Amino acid sequence: GQLDTTCHAFVGETVVLPCSITPPGELALSKSMLYWQIGTTQLVHFFQNGQDSLEGQDEKFHSRTSLFLDQMKHGNLSLKISNVQLWDDAEYSCIYRQTENHQTKKSTIKLNVSAPPRIEEPPSPSEQNQIPSGSPVDGPRLAVLPLSFLLLVPVGLWHL
């Protein structure tokens, strides 16, 4: 199989794997099936008779995949995967099959998943100087209130 496109995502992100039928006519979704799968055995998302059919979906993708149902009839068969994990790194097949004429279209999308970048950024000077120097009461007062409130509550209960 030839690779149609490659997508990149970091762990925890949401990624859209693109798949579309051209020319984009009105697709008869009630008379078609859409498989998103890895290899030949791992079912990522299945759509048939105009609705999602996820009984055979691989557990790892449970409640993390969705289609653009409002755009499907116009040819957008893209798959959205939320909370991407390292094990999602794979080659995905988008297989669209019409049940009447058995016309099948397939595309392959590679998803590369990376660990999230670990960049510890020091606070920028602009963030430190947001409290105007002329009114020190406005800023710190808000920070002190919750702390004193938390200390008062346990002391009050202790004397009961």
Side-chain angles (χ1 to χ4, degrees), residues 1-132 138-140 142-143 146-147 150:
Q2 178 193 342
L3 207 59
D4 291 292
T5 188
T6 301
C7 296
H8 301 271
F10 289 112
V11 170
E13 288 184 338
T14 295
V15 68
V16 174
L17 303 183
C19 182
S20 57
I21 296 292
T22 51
E26 283 276 324
L27 299 183
L29 295 177
S30 58
K31 299 174 183 161
S32 56
M33 291 181 279
L34 173 65
Y35 300 84
W36 273 95
Q37 62 190 44
I38 297 172
T40 54
T41 56
Q42 197 173 4
L43 186 63
V44 178
H45 201 100
F46 181 49
F47 179 93
Q48 69 173 348
N49 302 326
Q51 61 188 18
D52 288 331
S53 178
L54 302 177
E55 293 81 28
Q57 182 185 40
D58 189 291
E59 280 178 20
K60 291 195 294 243
F61 292 97
H62 182 68
S63 73
R64 292 197 300 126
T65 60
S66 61
L67 302 168
F68 296 89
L69 299 175
D70 54 333
Q71 300 170 29
M72 285 182 69
K73 65 174 183 274
H74 303 297
N76 183 356
L77 308 178
S78 302
L79 179 74
K80 182 161 77 174
I81 303 176
S82 56
N83 192 18
V84 170
Q85 299 299 316
L86 284 173
W87 61 71
D88 295 340
D89 190 296
E91 275 187 19
Y92 293 76
S93 297
C94 169
I95 303 164
Y96 175 76
R97 183 173 293 148
Q98 291 176 328
T99 42
E100 287 179 322
N101 58 9
H102 300 291
Q103 185 180 2
T104 301
K105 301 195 177 194
K106 177 179 177 181
S107 65
T108 305
I109 297 93
K110 173 83 177 90
L111 175 59
N112 291 328
V113 181
S114 313
R118 300 197 182 282
I119 301 170
E120 296 292 328
E121 291 187 22
S124 64
S126 62
E127 287 174 13
Q128 292 171 348
N129 298 334
Q130 281 180 342
I131 300 168
D138 290 352
L142 292 174
L147 180 64
L150 287 173

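Quick caveat, the model's predicted, so the values are computed rather than measured.
Taken from OH in Tyr96 to CE in Met33, the straight-line distance is 10.0 Å, to the nearest 0.5 Å. Rounding to the nearest 0.5 Å places CG of Leu69 at 8.5 Å from CG of Leu29. Rounding to the nearest 0.5 Å gives a distance of 12.0 Å between CG of Asp52 and CG of Asn49. From Leu34, atom CG reaches atom OG of Ser53 across 11.5 Å, with rounding to the nearest 0.5 Å. Here the straight-line distance linking atom CD1 of Ile95 with atom CZ of Phe46 works out to 10.5 Å at 0.5 Å rounding. Taking NZ of Lys106 as the start and SG of Cys94 as the end, the distance is 10.5 Å to the nearest 0.5 Å.
When atom types are taken as modelled, the side chain of Trp36 and the backbone of Phe47 share no donor-acceptor pair closer than 3.5 angstrom. Under the 3.5 Å distance criterion, the side-chain polar atoms of Asp58 are left unmatched by any main-chain donor or acceptor of Val44. Put simply, the side chain of Thr99 gets close to the backbone of Lys31: a donor and an acceptor are under 3.5 Å apart.
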Exercise. Carefully, step by step, assess His45 and Gln57 under the rule side chain to side chain contact (heavy atoms under 4.5 Å, CB included).
Key: CA-CA 6 Å; His45 201 100; Gln57 182 185 40; 4.3 Å; yes

Quiz item: Would Ile109 and Cys7 satisfy side chain to side chain contact (heavy atoms under 4.5 Å, CB included), going step by step from the backbone distance to the final call?
Solution: CA-CA 7 Å; Ile109 297 93; Cys7 296; 3.9 Å; yes

Practice problem: I would like to know whether Asp89 and Lys110 meet side chain to side chain contact (heavy atoms under 4.5 Å, CB included); could you show each step before the answer? | Solution: CA-CA 8 Å; Asp89 190 296; Lys110 173 83 177 90; 2.8 Å; yes

Exercise. Apply side chain to side chain contact (heavy atoms under 4.5 Å, CB included) to the pair Phe61 and Leu79, showing each step before the final yes or no.
Key: CA-CA 12 Å; Phe61 292 97; Leu79 179 74; over 6 Å; no

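Nearest heavy-atom pair, Gln103 versus Lys105, reported as atom, atom and distance to 0.1 Å: NE2-CE, 3.4 Å. The nearest pair of heavy atoms linking Thr108 to Glu91 is CG2-OE1, 3.8 Å. When all heavy atoms of Ile81 and Leu17 are compared, the closest pair comes out as CD1-CD1, 3.9 Å. In plain terms, the two heavy atoms of Ala115 and Leu86 that are nearest each other are N-CD2, 4.0 Å.
With contacts defined as side-chain heavy-atom distances shorter than 4.5 Å, the pair Thr14/Val84 does not qualify. The side-chain heavy atoms of Met72 and Leu77, taken from C-beta on, include a pair separated by under 4.5 Å.
Among residue pairs with one or both ends in residues 75-86, those qualifying as side-chain hydrogen bond (donor to acceptor under 3.5 Å, both in side chains) are Gln71-Asn76, Asn76-Ser78, Asn83-Gln85; sequence neighbours excluded.
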